[in-house]
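Reviewing the structure listed below.
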Amino acid sequence: MMLRSYTYREFIRRPGRTLLTLGGIVIGVAGVFAIALTVHTTRNAYRQMFADLAGRAELEVVADGGGGFDPEIAAGLAAVPGVRSARPVVRMVAGFVSGSNPLGVMVVGADASADDVLDRLVSGRRIEADDEILLVDNFARSLHVAEQATARLVTPSGVKRFRVVGLVEPTGIAGFNGGAVVFVSLQAARQLFKLSGQVTAIPIELVPGADAEAVRATIASQLPAGMLVRSPAARGDLAQHSLLAAEQGLSALSAVSVVAGAFVILNSFLMSLGERRRQLAILRAIGVTSGQITRLLLREALVLGVVGMIVGVAVGLVTSMLLVQGMERLLGIELRHLELAPMPFVEAALFGPVMALLATLAPSIRAAKRPPLADLLGLQAKGSDSMVSKMSRLGLAVGIGSTIGVTAFVMGWIPREAQKFLATPLLCTFLISGILLMPTLYPRLARVMRLLFGRLWGIEGRLAARQLERNATRSGLTAAILCVALVISISMGQSIRNSIRDIEEWSERTFTADYMVRGCLPELSYSIGVQLPESMHDELAAIKGVEKVHELNLLQVKAGGEDVVVLARSFDDRTAATLDIAAGERVAVIEGLFAGDAVVGTALAQRLKLHIGDRLPLRTRKGEQHVRIAGEVTEYVAGGMALYLERKTAKRLFDFEGVDVYMVMAHKESTLGVGEAVRAFCDSRGLMFQSNAQFRERIRQMMGGIIGFLWLLMAVVFVVASLGIVNTLTMNVMEQTREIAVLRSVAMRRSQIRLMVLYQALSLSLCSLPPGVAMGLLLAFLMNLSTHVLLGQPVEFHAEAGFVLGCCVACLLIGWAAAWIPARRASRLEIVAALQYE
Amino acid sequence: MTDSSRIAVEIRGLRKTFGSGVTRVDALAGMDLDIPVGQFVAVMGPSGSGKSTLLHLVAGLDRPDAGGIRVSGQDILTLSDDELTLLRRRRLGLVFQAFNLLDALTATENISLPLVVDGVPERDAQRRAERALERVGLVQRGQHLPKEMSGGEQQRVAIARALAIEPMLLLADEPTGNLDTHNGDQVMQLLRQVVNEGQTILMVTHNPSHAAVADRIVTLRDGHIIHDRLLGDERARVAHSALETPRAES
Ligand SMILES: Nc1ncnc2c1ncn2[C@@H]1O[C@H](COP(=O)(O)OP(=O)(O)OP(=O)(O)O)[C@@H](O)[C@H]1O
Ligand SMILES: [Mg+2]
């Protein structure tokens, strides 16, 4: 009906305002959608990776902490009701030598006749000898490895040569991590991984329709100590700790995008209501009820909400592609394609319209209830003061509430389960309170700015200031947009930069070895690690100029019911000195390590409420074993859910074979030549060589994804802010049309008019600086504290003057740039026409 | 007793004050006025004498401090905001000095808007709008936006909007104030014509020759009626019903 076409025409008549409102919705929807999609994709990728590994098996039996075991229990398992097959296999990770760096691949050794994977040969034939392998089709092609070619694998028994005799489809187990799977005979696998007669897993296929839970319980009751039965996909959950930090960051980001988006909607909507006051009053005067006006306005919001949702989903899809790429770089695994799960779509579908409606509900009702007479006569609205005071009262209340909340959070008064869900809302309310207070704050700031700069600016500046003060609420809201842009850039920027700096410092302290030798590139969750032969120690130590060679193994184990990573490492005085001790006397901690104690990461200590001297239960294949806690360290591996053990202690407890990383220390005087020698050693065997500098560069690269993300975020918030400025100034220019015409006709040049408008932008930006910087730093500080609570990791807080200053300059420049369009418009005014402007 | 079917507007002791202390202004200082159905009343008086205030109060756009207003017998001061809105929508036509058309809508749409809002089927509303346009002599301008029309044309569209609802009372505040002599005269002719067709009008004007088109001229000063006289034929007509139509004198 007609009011509807009225709505539509209002959009067309005010394209800038409509676009700005849409922009707000798009930012909110895209943020929420992209992040939900990314988190979902990442989580699923991990689950899927391990589900692939098990092929059709719904359960698998493995040894606690990995490693080999006797396959004879398989016969008993096959007899359990509901089990169709239980065939022992060897599944271990090896390095596939290719190009400059070996790649981590899953080596699967199975009884050739039994494994259905071999039915999916694309070309070639089955394995007949122990020096033959099958590769996955797409993987082999991407590395340009042809059939009949020779391939080298880095394994605990050294670097071995194989002949590729066939290629298989990348489905089922062969789909693991993008096809990084090598099939060998069971016998060959045992030799490679020094598993005399043992296997590492028994995948269990169930009879169709069997109750997996019941079968699992039966099997669990039959298994000897140190063995466990689990759902293969559950293994992906181990990776979740490593993801927690990234997910927390992302959810904070989605919160920020929601607040920024909602605020932009509110702002542009309030402005458009202000402009349309007279039009709405006419409607009221001729008999449209306030209920109808409310519905009319809400319908406008709803239409924009729906359109914004559609655009937001599109923008969100593109954003999440970028995000997923960043996560891939950060995590070091292949995430494949985006996981287009229905939930994020549903969320976005609800979110766009709901956000638009919520942000516009209160102002719509208010606008509809306004007595029409004053607006009809164009009298000064008296309502805005009461709105500002209401906003500031609400802002104060929200501010106090969120401060109390944040304090409770930082002090650890909030139960752990609730923390994860509270961090983001707290961040939101904090931002909202600041925005609500801005219109009250603005006139005071504006006065200070006028005192400071009034003389400098001359008549143009004074006129600019007057126009801004005439619409204090509008100006305040615009300054608030800039303020939010600043708060977001400063707080996010500072906390990200602090975390990165902390990680870099930690890596510098922790990885002091001059060179590292690995079987493949490391991956963040430590699910894929290549074991090198133990005998390599002596070979490395024999290289001229090498002072010392240390070993490091990363093991996934269960400690006190939590999934943790054990860093099993050879210690001496020099490596012990690199521990970033958070609790305990250094000497006592080191003595404890040598005596068989553990040193736990702060996150783990916090999670399990461990103190020095406590005994930590570890699940091992010999049953539960207790180790004493000698101290706590700051640690980033697995998000701090990690513990250090002296290598001998770890070997005694977990009985593993091979080495994940060799750390080579050179004699002080001969470093350069040694590097060349170690590199040559690695090259000849297809191993991965990393100098200390290269290693740090790799960490920096991983962080690069996050930094890129920070820039993206800042770009978005500043673009939004600049739209807000264009909006406000255009409106000011329109209001001033007659005044500008008079000024032009009696005195002023075009450039002076332009300057007058530009000064408005400058004044708005200047006013947003003090509260923006203050709130941004405060928020960065709070986020820093909350990282500690959430992740158990203290991150040192630095306020970087350079970065903050950069944000301020960006804010001023963007304000100035955004003002060019309205400024031009003002200066090009047709004087005669404008003089008649009503 | 008054005969409500004969009296369109009945005003008793109407008082409206703005501001307080030194800035206190008695815009209306206790006014009595009756307007019989079918009469064309022009309100004159110096600037600030309370003319617009009177109109706004009768239109229910503002509330008086004291006194009563009955519009066709109904006490409008007891009405809620929504009821007042309905009253304006169905029974009062408003015409302003500044036209006050919705910029985004065409002439026809502006006119049919109150009808559509009231639930009249769009087709009917459209037809009634076209008829109203015809009455004001602007049939060919139906699809034009306000900014594409002259001031006189815009004001005639505004009058058409007021007339389309077939109001029992048309309220006009300086409808010719923004128009040149020619356009102003045209609008007055139009108003005279609708009165001849039975419409009641309460109009504020500064222009004596426009006031002379009305049946009766009420002159205000400082919120009081200082002069109230009938013109031409109307004098004779009212003489017959003088007994049953109490009229303000001062
Ligand atoms: N909203 C208001 N606030 C304060 N004073 C008002 C308001 N509206 C009207 N007044 C005052 O009430 C008095 C009457 O005003 P009103 O608008 O009725 O005069 P008017 O007769 O219509 O004048 P004009 O011919 O100039 O339109 C004036 O003194 C005016 O200043
Ligand atoms: Mg007036």
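Protein chains get the first letters and strands the later ones, always in sequence-line order, with residue 1 at the start of each.
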Heavy-atom proximity to chain B below 4.5 Å, by part of I286(A): both

- line: One option among S290(A), A285(A), A281(A) has the most heavy-atom pairs under 4.5 Å with chain B, and it is A285(A)

Partners meeting salt bridge (charged side-chain N to carboxylate O under 4.0 Å, His left out) with D118(B) (sequence neighbours left out): R89(B), R90(B)

message: Is L92(B) close to chain A through its backbone or its side chain, or both, or neither, when contacts mean heavy atoms under 4.5 Å?
response: neither

- line: Cut-off 4.5 Å, heavy atoms of chain A, and the answer for L86(B) is neither

query: Under the 3.5 angstrom rule, does the side chain of Q199(B) hit a backbone N or O of P167(B) as a donor-acceptor pair?
result: yes

query: Okay, side chain of D65(B), backbone of T17(B): is any donor-acceptor separation there less than 3.5 Å?
result: yes

message: Checking Q126(B) against E122(B): is there a side-chain donor and acceptor pair closer than 3.5 Å?
response: no

